[in-house]
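Okay, structure first, notes after.
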Amino acid sequence: MRKEMIWKIGCILFLLLSTCTVLSARIENMMQIDVKTTRGIQGKNGNEETRVFPASAIIEREGITYVCAVRTVKGIFGGEKWQVLEKPVNLLEETQDEIEVNASEVRDEDLNPLDVIYYSSYPVKAGDQVTVTEEKKDIMTLHRRFVKQIGLLFVGAALFPVLLFCFGAILKKLQAFQDGKYGEAVKGMIFLTVLLTTIYGITGILRIPREFLPEEQIFDLTFYVERICHFFTCMGNGWENRVAYESMRTEYIRIIGIGSAAVLAFWLAMAEGRRFAVRKQRRRKQK
C-alpha cells in the first residue's frame with residue numbers, strides 16, 4: 001500500500017513538472033518586454049559623424065549617460081533572440097525631443113549601426129531578452145487588443161475541468177506500470193505528450209499586451225487587482241477621449257458578463273453529464 005502511494009505521488013509530481021515546464025516556456029515569451037528601436041537619422045546639417053535619436057532613448061544612471069540597444073543572440077533551442085546591451089554615450093546636443101551623439105558610439109564591433117531602443121513597456125537593462133515590435137502602443141489600441149484576448153481566457157477557464165479529467169486519466173495509466181501493464185503506461189505517456197503539445201499550441205495563440213502584465217512576476221495578483229480597480233473607478237481620468245473610455249468600459253463589462261455566463265453554463269453541463277454517466281453505470285451494474 002505504501003509503495004502504491006509513493007508511486008502515485010511520484011506520478012503526480014511528474015505530471016506537474018511536465019506541465020510547468022511547458023507553461024514556463026510560454027510565460028517566458030509572454031514576459032519579454034516590448035521595445036521599439038531606431039538607428040536614428042543623420043546629424044544636423046548633414047553631419048555624417050553624428051546621429052540624432054528621440055530624447056526617450058537616453059538613460060542616466062549614477063552620473064553615466066548611455067543608450068540601450070538590441071543585438072541578436074542564439075537561443076537555447078536554436079533560433080535567434082533579441083538581447084539588450086548598454087552603450088555609454090556623450091551628448092553633443094540635447095533638446096526636449098531629440099539628442100545628438102557621435103555615430104561611432106552607437107555602432108557594434110563590426111562598425112554596423114546599432115538598433116537603439118527609444119520605447120519599452122518597462123525599463124530594460126543589459127542582458128534582458130526583449131521583443132522588438134513596431135505595433136502602435138496608444139491606450140485604445142492596447143485595450144482593443146486585450147479585449148480580443150479575454151475570450152481566449154474564458155475558453156481556457158471553461159476547459160480547465162476537462163484538463164483535470166485528462167490528467168486524471170493519464171495518472172491512472174501511468175500507475176498501471178507498477179502492476180506490470182506496460183502497454184497502458186506507454187499509452188499514458190503518448191496521451192501526455194499529445195496533451196502537453198496541445199497546451200503549448202493553444203497557449204501560443206494568447207497575445208496579451210505586455211503593458212497589461214506585471215513587470216517581473218506573472219502571478220502578481222496585487223498588480224492585476226490594482227489595475228482592474230483603477231480602470232473601473234478612474235471614470236476616464238487620464239484618457240484623452242472620455243467617450244472612448246466609456247465605450248471600452250461597456251465592452252469589458254459585456255464580454256466579462258457573457259464569458260462568465262458561458263463558462264458557468266459549460267461547467268454545469270459537464271457536471272450534469274457526469275452525473276448522468278454515473279447513474280447510467282449504476283443501473284447497468286444493478287442489472
Side-chain angles (χ1 to χ4, degrees), residues 1-34 73-84 121-122 124-125 127-131 146 149-210 212-225 259 263 266-267 270-271 273-274:
M1 189 70 181
R2 187 175 179 183
K3 241 184 216 184
E4 291 179 2
M5 182 60 66
I6 293 174
W7 178 259
K8 186 174 183 178
I9 292 173
C11 290
I12 292 173
L13 292 176
F14 172 69
L15 292 177
L16 289 174
L17 181 61
S18 302
T19 307
C20 290
T21 301
V22 170
L23 292 178
S24 65
R26 282 302 184 199
I27 291 173
E28 181 182 2
N29 290 333
M30 290 175 63
M31 293 297 286
Q32 286 185 2
I33 296 173
D34 288 345
V73 296
K74 292 291 183 182
I76 298 176
F77 302 105
E80 294 185 338
K81 295 190 175 183
W82 294 103
Q83 189 179 65
V84 177
S121 49
Y122 285 105
V124 295
K125 60 183 182 300
D128 286 348
Q129 289 189 354
V130 297
T131 300
F146 184 57
Q149 302 301 307
I150 292 179
L152 293 175
L153 294 175
F154 277 119
V155 170
L159 294 178
F160 186 71
V162 178
L163 185 65
L164 293 180
F165 175 80
C166 291
F167 277 123
I170 293 172
L171 181 61
K172 288 182 180 179
K173 290 187 177 297
L174 292 180
Q175 285 181 274
F177 183 85
Q178 193 180 25
D179 300 327
K181 300 177 182 178
Y182 304 121
E184 289 296 307
V186 170
K187 288 179 183 178
M189 289 300 298
I190 294 173
F191 189 12
L192 176 62
T193 303
V194 172
L195 182 60
L196 293 179
T197 303
T198 304
I199 292 173
Y200 186 78
I202 292 176
T203 52
I205 302 173
L206 202 58
R207 293 285 187 273
I208 298 176
R210 184 61 182 86
F212 288 9
L213 296 173
E215 184 173 353
E216 296 180 355
Q217 299 292 335
I218 196 170
F219 299 112
D220 183 1
L221 298 181
T222 303
F223 171 87
Y224 298 113
V225 171
V263 170
F266 184 77
W267 284 354
M270 283 186 61
R274 177 64 178 168

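- Taking 4.5 Å as the limit, some side-chain heavy atom of Leu153 sits within range of a side-chain heavy atom of Leu206.
- Nearest heavy atom pair, residue Tyr122 against residue Leu213, reads OH-O, 2.6 Å.
- Looking at heavy atoms from C-beta onward, Leu163 lies in side-chain contact with Ile199 at the 4.5 angstrom threshold.
- The SG atom of Cys11 sits 12.0 Å away from atom CD1 of Ile6, with the distance rounded to the nearest 0.5 Å.
- Shortest non-hydrogen contact noted between Leu192 and Ser18 is CD2-OG, 4.4 Å.
- Atom OH of Tyr224 has more than 12 neighbouring heavy atoms from other residues, nucleotides or ligands inside a 6.0 Å radius.
- Residues that satisfy the side chain to side chain donor-acceptor pair (under 3.5 Å) test with Glu215, not counting sequence neighbours, are absent from this structure.
- Qualifying side chain to side chain donor-acceptor pair (under 3.5 Å) partners for Thr197, counting only residues two or more places apart in sequence or in other chains: none.
- Residues that satisfy the side chain to side chain contact (heavy atoms under 4.5 Å, CB included) test with Arg207, not counting sequence neighbours, are Gln149.
- Nearest heavy atom pair, residue Pro214 against residue Met31, reads O-CE, 3.3 Å.
- Side-chain contact between Thr131 and Trp82: absent, with no pair of heavy atoms (C-beta onward) separated by less than 4.5 Å.
- Between the side chain of Arg26 and the backbone N or O of Asn29, no donor-acceptor pair lies under 3.5 Å.
- Using a 4.5 Å heavy-atom threshold, the side chains of Gln32 and Arg210 count as separate.
- Residues satisfying the side chain to side chain contact (heavy atoms under 4.5 Å, CB included) criterion with Phe191, sequence neighbours excluded, are Cys166, Ala169, Ile170.
- Here Met270 pairs with Pro161, Val162, Phe266 under the side chain to side chain contact (heavy atoms under 4.5 Å, CB included) rule; sequence neighbours left out.
- At a threshold of 4.5 Å between non-hydrogen side-chain atoms, the residues Leu196 and Tyr200 do not count as touching.
- When the side chain to side chain contact (heavy atoms under 4.5 Å, CB included) test is applied to Lys172, no partner is found at least two apart in sequence or on another chain.
- Annotation for Leu174 and Ala185: closest pair CD2-O, 3.9 Å, computed over non-hydrogen atoms.
- Between Thr21 and Leu17, the shortest heavy-atom contact is OG1-O, 2.7 Å.
- Taking 4.5 Å as the limit, every side-chain heavy atom of Leu152 sits out of range of all side-chain heavy atoms of Ile202.
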